[in-house]
Amino acid sequence: MKLDEISVRQIKGVSAQKEQELHAFGVQTVADLLDYFPYRYEDYRIRELGEAKDGEKITVQGIIRGNGILQRYGKGKSRLTCKIEVEHALVTGVWFNRPFLQSHMVPGREIMITGKWEQHRLQMTVSESEFLDKEGTGKASKSGTLQPIYSVGGSITQSWMRKTIGQALAQFGAMLEEALPHELTERHRLMPRRDAVLQIHQPGDIREGQEARRRMVYEELFLFQVKLQAYRALNRKRGDGIVHKVNGETIRQFAATLPFELTDAQKKVVNEIMTDMRHPAAMNRLLQGDVGSGKTVVAAIALYCTVKAGHQGALMVPTEILAEQHLRSLQKLFDGTGIEVGLLTGSLTERKRRDLLAGLQMGMIDIVVGTHALIQDDVFFRSLGLVVTDEQHRFGVNQRSVLRRKGLNPDVLTMTATPIPRTLAITAFGDMDVSTIRERPHGRKPIKTYWVKHGMMDRVLGFIRREVDEGRQAYVICPLIEESDKLDVQNAIDLFVQMQQAFPDLKVGLLHGRLSAAEKDAVMSSFGANETQLLIATTVVEVGVDVPNATLMIIMDAERFGLSQLHQLRGRVGRGAHQSHCILVADPKSETGRERMKVMTETDDGFEVARRDLELRGPGDFFGTKQSGLPEFRIADMASDFEELEMARDDAAELCALDDFWTNPAYARVRAYLQKDQIFQGEQLD
Ligand code: ADP
Ligand code: MG
């Protein structure tokens, strides 16, 4: 029997009811329980009074030098005090509501007390105490230890958890097996798994505890990376993707029809993508580049190539507005090529939808633009060669294997306009190859960004007036009210009315999420044609909207937006030859809030914004909560364990690239771990 086959019921003291409650914590087997690590430790190591700051919680050891004096007050309330000699000082220990302790306070007894130290009164409010002669207590001594604190709840208490894990270690600890290949524990001098698990739950000295933690952090990150890297290696080895037969001439001819020349960065990235597409392994590539860096054009070239090679392409975008916009720009780009581009969104009429689906299935439609529904259910392709999608719709390892099981194995290009710091990218996109566009198209002037307070709104209106008089257009973005789409819409409407009053001679447009697709479309076309000069919008314009004549972006209550979101919004301007401006209207209350506004005025480089954002927020918040693609680690912390992360990733990649990785008995345990994961099920692993 292995530990992950033994139910927690086999541990002494675990009843059927406790077993049920443990399930709620994801703990079913002994292995699960031993892997249920504490999230911090309470420090009961004995310290000297001299080291303690006033008000700090500490543990000291002393000798009782008086009788306990008990005062009772109120209903069932009491206060027990007793003099205790600690390092030649006479300290008053105070216990609330523990009257039964009075009789134990016998002068001369040795005691350990933990509590809040009040220096000026030489007094300690005791939260826990323990007699060191241990008379009458059956409990394990906490004296001098670090006590693990677990995440618990229901009838499962800290002490029950400690006791039960201790019991599990005693009964089954010897069965703990090494999970890492020998060469890695050797290379990084990691302690054996058995010792590490023991140390994590019952730490001895702090150094050993840290070593144990380091080992488990590495193991966790390594096993996570192995999954990603093994999947990559397997994909390469299997080589059953689509081989796109396109030559450089095809690409050059198409590029020559574009109204501009590709930047060097775009050319480099196109080459990387083409290499993948020609390769028999399915492409899984992330294209990262700042807003406005020209990713869409790169995607269009890749789509062109899949069609030229006799396949179909799909472009998946988050919203219907974007789908329609991309439809139009692709139609323009492919004008005269004979390439047929279709649109699939939720608001198509039943008939149009049927026609489109038939067109896809028969191969009359070469490229389809749409929302996520594109690759689901009743959508069939004659031959799907390439899917281009965005970060939110990225094909995680799991979705890919779903597609594969449907008999589709297209090349996949994922685009992200949120530059991601390296450590996060390793984790969130570790299964992908990465292409980066760092340079913007030539001749673009940096966007000038200003931060003003609400009191300066008159001047902001003056600015709008000047830009419009010059023939330019402006966006005004409404404050964001979290989790209330309805209030966001109300805000937008209010702002719309105000702006109409301020500019009675201009055409002001309004765009928000509650409009129908047709209404949104009408608003966008009017703005695109410069019939509307001023567009009031909620964050629906965040991604992808492209109106080069718009040169002014005003963001109201900018402190409510995340930095990357502000950067995305700002990226809607600066798309043409004219100088563009972004004005943040904000009265941030906190220092961080002011700092964030400053970051925006200081740089318009998305990578720099991302780096500062990570610094100000920490990795947990970096992506926001949903769609982060980040796994939850039991013990590793992405903010502090980045060295281990890089190590784990390099080791995992190296291991999975070995010719004998799938066969060598030395890696059997790693493979067994992989085999348990559903993404490897049904795969021929060796
Ligand atoms: P992204 O998708 O990265 O935000 P886009 O592909 O939408 O950027 O490009 C932004 C704008 O820049 C578009 O109007 C596009 O036509 C234009 N553009 C793209 N590449 C170039 C280039 N090499 N030279 C000049 N303009 C370009
Ligand atoms: Mg390929």
Side-chain angles (χ1 to χ4, degrees), residues 259 291-292 296 317-333 343 345 347 369 417 444 447 460-461 463-480 488-556 558 561 565-585:
V291 255
T296 310
V317 296
T319 67
E320 296 199 353
I321 296 192
L322 262 179
E324 309 210 352
Q325 180 149 9
H326 274 116
L327 174 77
R328 270 193 296 271
S329 40
L330 287 182
Q331 278 169 336
K332 216 159 82 192
L333 283 170
L343 177 73
T345 64
S347 48
V369 183
R444 290 289 171 71
I447 302 161
V460 174
L461 295 180
F463 207 118
I464 297 178
R465 171 61 72 189
R466 275 207 306 279
E467 286 294 300
V468 172
D469 284 350
E470 299 269 319
R472 305 282 87 75
Q473 292 161 274
Y475 297 94
V476 184
I477 304 295
C478 293
L480 178 79
D488 283 349
V489 170
Q490 191 51 49
N491 261 329
I493 294 170
D494 291 348
L495 195 61
F496 173 69
V497 172
Q498 280 169 31
M499 288 295 162
Q500 271 184 326
Q501 282 163 356
F503 300 104
D505 56 321
L506 301 185
K507 182 140 192 272
V508 183
L510 174 63
L511 190 66
H512 57 68
R514 295 271 171 109
L515 298 180
S516 72
E519 287 167 323
K520 286 179 195 163
D521 200 30
V523 174
M524 275 323 293
S525 332
S526 168
F527 192 66
N530 196 3
E531 288 154 15
T532 299
Q533 289 82 44
L534 196 54
L535 183 63
I536 314 306
T538 55
T539 51
V540 290
V541 303
E542 191 184 334
V543 238
V545 171
D546 190 17
V547 180
N549 191 50
T551 54
L552 182 55
M553 168 61 66
I554 293 162
I555 305 173
M556 304 301 293
F561 296 87
Q565 206 177 9
L566 287 175
H567 184 69
Q568 290 294 317
L569 288 167
R570 173 168 65 180
R572 298 307 114 214
V573 297
R575 302 186 147 241
H578 301 283
Q579 175 64 55
S580 287
H581 300 269
C582 173
I583 302 179
L584 308 171
V585 183

When rounded to the nearest 0.5 angstrom, what is the spacing between [atom1] in [X] and [atom2] in [Y]?
X      : Y      : atom1 : atom2 : result
Cys582 : Leu566 : SG    : CG    : 7.5 Å
Gln579 : Ile447 : CD    : CD1   : 8.5 Å
Ile536 : Met499 : CD1   : CE    : 5.5 Å
Ile554 : Leu534 : CD1   : CG    : 7.5 Å
Gln498 : Leu495 : CD    : CG    : 5.5 Å
Ile583 : Arg570 : CD1   : CZ    : 13.0 Å

Legend entry - With Phe463 via ring pair (Phe, Tyr, Trp, His ring centres under 6.0 Å) - residues at least two apart: His581

Inset, instruction - Can you sort out the partners of Phe527 under ring pair (Phe, Tyr, Trp, His ring centres under 6.0 Å), two or more places apart, ordered by chain and number? - result: Tyr475

Measure across [X] and [Y] and return the closest heavy-atom pair with its distance rounded to 0.1 Å.
X      : Y      : result
Ala550 : Ser580 : O-OG, 4.1 Å
Cys478 : Ala492 : SG-CA, 3.3 Å
Ala323 : Thr345 : CB-CG2, 4.1 Å

For a 4.5 angstrom cut-off between non-hydrogen side-chain atoms, does [X] reach [Y]?
X      : Y      : result
Thr551 : Val573 : no
Val547 : Arg572 : no
Leu343 : Gln331 : no

Legend entry - Donor-acceptor under 3.5 Å (Gln473 side chain, Gly471 main chain): no

Legend entry - Donor-acceptor contact below 3.5 Å, side chain Ser526 vs main chain Ala522: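 Not a single qualifying donor-acceptor pair exists.
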
Let me have the donor-acceptor pairs involving side chains of residues 500-512, under 3.5 Å, with sequence neighbours excluded, atom names and distances please.
residue, atom, partner, partner atom, Å
Asp505, OD1, Arg465, NH2, 3.0
Asp505, OD2, Arg465, NH1, 3.0
His512, ND1, Arg514, N, 3.1

